[in-house]
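In what follows, a structure is listed as structure tokens, so that the remarks can point back to it.
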Protein chains: 2
Amino acid sequence: MDHVFRALADTTRRDIFQRVIGGGLSVSTLADDYEMSFAAVQKHVSVLERAALVTKERHGREQIVHGNLSTLRRAAALLDAFEEIWIGRATKIAEILGEKGSAT
Amino acid sequence: MDHVFRALADTTRRDIFQRVIGGGLSVSTLADDYEMSFAAVQKHVSVLERAALVTKERHGREQIVHGNLSTLRRAAALLDAFEEIWIGRATKIAEILGEKGSAT
DNA sequence: ATATTGTACAACCATATGGTTGTACATAAA
DNA sequence: TTTATGTACAACCATATGGTTGTACAATAT
């Protein structure tokens with residue numbers, strides 16, 4: 001999870017991820033749209049890959065980058081779990097304050 | 001957003017966040033449960049604070065750390081937006097494949 | 001056969017991160 | 001008043017990050 005959130009903690013990488021989750025794109029196609037060097041984009045893709053947010057599939061001389069939805073969902077689930085804790089607390093507070101009008 | 005995801009990209013910080021979203025805790029109370037120094041925990045809290053994931057409220061000589069749900073929700077919404085893009089793509093693929101049995 | 005394209009990888013640099021220890025100071029307890 | 005507690009902050013260190021340039025090589029065009 002450290003790797004996943006770290007990978008998402010960069011605007012360029014979130015942009016790359018957003019683009020490839022909409023459909024696979026080659027590394028050079030991705031790189032064309034950023035001001036930085038090709039190698040820099042390559043590194044960003046590698047960070048996303050290490051986090052399992054994307055996978056690469058070789059096709060001839062091109063390397064196609066695909067988004068990995070399952071890892072995204074694991075991250076989203078974690079954030080939801082945090083919110084659940086909050087809801088749990090809110091429920092407890094409601095219980096403590098006394099459930100006026102409640103059927104419990 | 002960079003700050004938010006970066007703040008979440010550390011196990012200790014996610015643990016701190018989880019604890020304080022369940023109810024405010026002082027920095028020293030938090031620090032007691034980790035092997036690292038008090039100053040290190042202080043820094044972690046500061047990273048969470050910079051990301052607006054937590055706020056600090058002084059109470060006597062103690063500093064109470066509270067979780068900030070709205071920032072959490074903004075992050076969760078971003079991840080959901082990525083999934084929406086995927087769903088959009090899946091819908092398009094379904095359209096391309098031809099909607100057998102569909103009423104459209 | 002030669003040139004171009006797409007990728008990989010290493011070396012290098014500046015800055016950020018995650019940890020430490022030490023000092024200082026205000027608040028609370030003895 | 002003296003002592004203990006809770007926090008703040010600076011200085012320092014090792015390692016990671018985000019960028020660069022340069023080199024190498026396989027696949028595709030010309």
Side-chain angles (χ1 to χ4, degrees), chain A residues 1-20 22-68 71 75 78, chain B residues 1-20 22-68 71 75 78:
Chain A
M1 266 304 152
D2 289 26
H3 289 309
V4 176
F5 285 116
R6 186 174 294 279
L8 291 171
D10 181 282
T11 307
T12 303
R13 285 197 294 264
R14 284 197 303 276
D15 193 67
I16 290 173
F17 181 67
Q18 175 166 344
R19 290 171 68 194
V20 302
L25 291 172
S26 75
V27 179
S28 52
T29 303
L30 285 168
D32 284 344
D33 285 4
Y34 304 102
E35 301 253 311
M36 68 193 72
S37 68
F38 175 80
V41 174
Q42 233 179 351
K43 279 195 186 181
H44 280 306
V45 170
S46 144
V47 169
L48 288 165
E49 195 180 13
R50 181 159 48 101
L53 278 164
V54 306
T55 56
K56 289 195 293 189
E57 176 207 3
R58 188 166 271 293
H59 218 263
R61 73 181 157 189
E62 290 185 331
Q63 195 84 261
I64 309 297
V65 183
H66 300 272
N68 183 354
T71 302
L78 210 165
Chain B
M1 267 304 151
D2 288 26
H3 290 309
V4 176
F5 285 116
R6 186 173 294 279
L8 291 170
D10 182 280
T11 306
T12 303
R13 284 197 295 264
R14 285 196 303 277
D15 194 67
I16 290 173
F17 181 66
Q18 175 167 344
R19 290 171 68 194
V20 301
L25 291 172
S26 75
V27 179
S28 52
T29 303
L30 285 168
D32 284 344
D33 285 6
Y34 304 102
E35 301 253 309
M36 68 194 73
S37 69
F38 175 80
V41 174
Q42 230 179 354
K43 278 194 184 180
H44 281 306
V45 170
S46 145
V47 169
L48 287 165
E49 194 179 13
R50 181 158 49 100
L53 279 165
V54 307
T55 55
K56 288 195 295 188
E57 176 208 0
R58 188 166 270 295
H59 218 263
R61 71 181 158 188
E62 289 186 331
Q63 196 84 261
I64 308 297
V65 183
H66 299 272
N68 184 354
T71 302
L78 210 164

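Lettering of chains follows the sequences in order, A, B, ..., and the numbering in each one begins at 1.
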Side chains of residues 50-60 of chain B: which donor-acceptor partners sit under 3.5 Å, not counting sequence neighbours?
| residue | atom | partner | partner atom | Å |
| --- | --- | --- | --- | --- |
| B/Arg50 | NH1 | B/His3 | ND1 | 3.1 |
| B/Glu57 | OE1 | B/His66 | NE2 | 2.6 |
| B/Arg58 | NH1 | B/Gly60 | O | 3.4 |

How many angstroms lie between atom [atom1] of [X] and atom [atom2] of [Y], to the nearest 0.5 angstrom?
{"X": "A/Glu62", "Y": "A/Leu25", "atom1": "CD", "atom2": "CG", "answer": "10.0 Å"}
{"X": "B/Thr12", "Y": "B/His44", "atom1": "OG1", "atom2": "NE2", "answer": "4.5 Å"}
{"X": "B/Met1", "Y": "B/Thr71", "atom1": "CE", "atom2": "OG1", "answer": "7.5 Å"}

Rounded to whole angstroms, how far apart are [atom1] on [X] and [atom2] on [N]?
{"X": "B/Lys56", "N": "D/dA8", "atom1": "NZ", "atom2": "C1'", "answer": "8 Å"}
{"X": "B/Leu25", "N": "D/dG6", "atom1": "CG", "atom2": "C1'", "answer": "15 Å"}
{"X": "A/Ile64", "N": "D/dA27", "atom1": "CD1", "atom2": "P", "answer": "15 Å"}
{"X": "B/Asp15", "N": "C/dG18", "atom1": "CG", "atom2": "P", "answer": "15 Å"}

Could you run down the sub-3.5 Å N/O contacts of the protein with nucleotides 23-28 of chain C?
| residue | atom | partner | partner atom | Å |
| --- | --- | --- | --- | --- |
| C/dT27 | O2 | B/Arg61 | NH1 | 3.1 |
| C/dA28 | O4' | B/Arg61 | NH1 | 3.2 |

> Any idea which heavy atoms bring A/Asn68 and A/Phe17 closest together, and the distance?
Replying inline: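 Between these two residues, the closest heavy atoms are N-CE1, 4.3 Å.
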
> Looking at A/Leu8 and B/Phe5, what are the two nearest heavy atoms and their distance?
Replying inline: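 Heavy-atom minimum between the residues: O-CD1, 3.6 Å.
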
> Can you list the residues that meet the side chain to side chain contact (heavy atoms under 4.5 Å, CB included) rule with A/Asp2, with sequence neighbours excluded?
Replying inline: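 Expected list: B/Thr11, B/Arg14.
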
>> If you take any heavy atom closer than 4.0 Å to DNA chain D, which residues from residues 4-14 of chain B end up in contact?
In response: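 When residues 4-14 of chain B is checked for heavy atoms under 4.0 Å from DNA chain D, the hits, listed by number, are B/Arg6.
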
> Contacts to DNA chain D from residues 32-44 of chain A, heavy-atom cutoff under 4.0 Å, which residues?
Replying inline: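 Heavy-atom cutoff 4.0 Å gives A/Met36, A/Ser37, A/Ala39, A/Ala40, A/Lys43, A/His44.
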
Identify each donor-acceptor pair in which a side-chain atom of residues 32-42 of chain A lies under 3.5 Å from a protein atom, sequence neighbours left out, and give them as a table.
| residue | atom | partner | partner atom | Å |
| --- | --- | --- | --- | --- |
| A/Asp33 | OD2 | A/Arg19 | NH2 | 3.1 |
| A/Tyr34 | OH | A/Asp15 | OD2 | 2.5 |
| A/Tyr34 | OH | A/Arg19 | NH1 | 3.2 |
| A/Ser37 | OG | A/Ala40 | N | 3.1 |

> Can you name the residues that form a side chain to side chain donor-acceptor pair (under 3.5 Å) with B/Ser28, not counting sequence neighbours?
Replying inline: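 For B/Ser28 the side chain to side chain donor-acceptor pair (under 3.5 Å) partners, ignoring immediate neighbours, are B/Ser26.
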
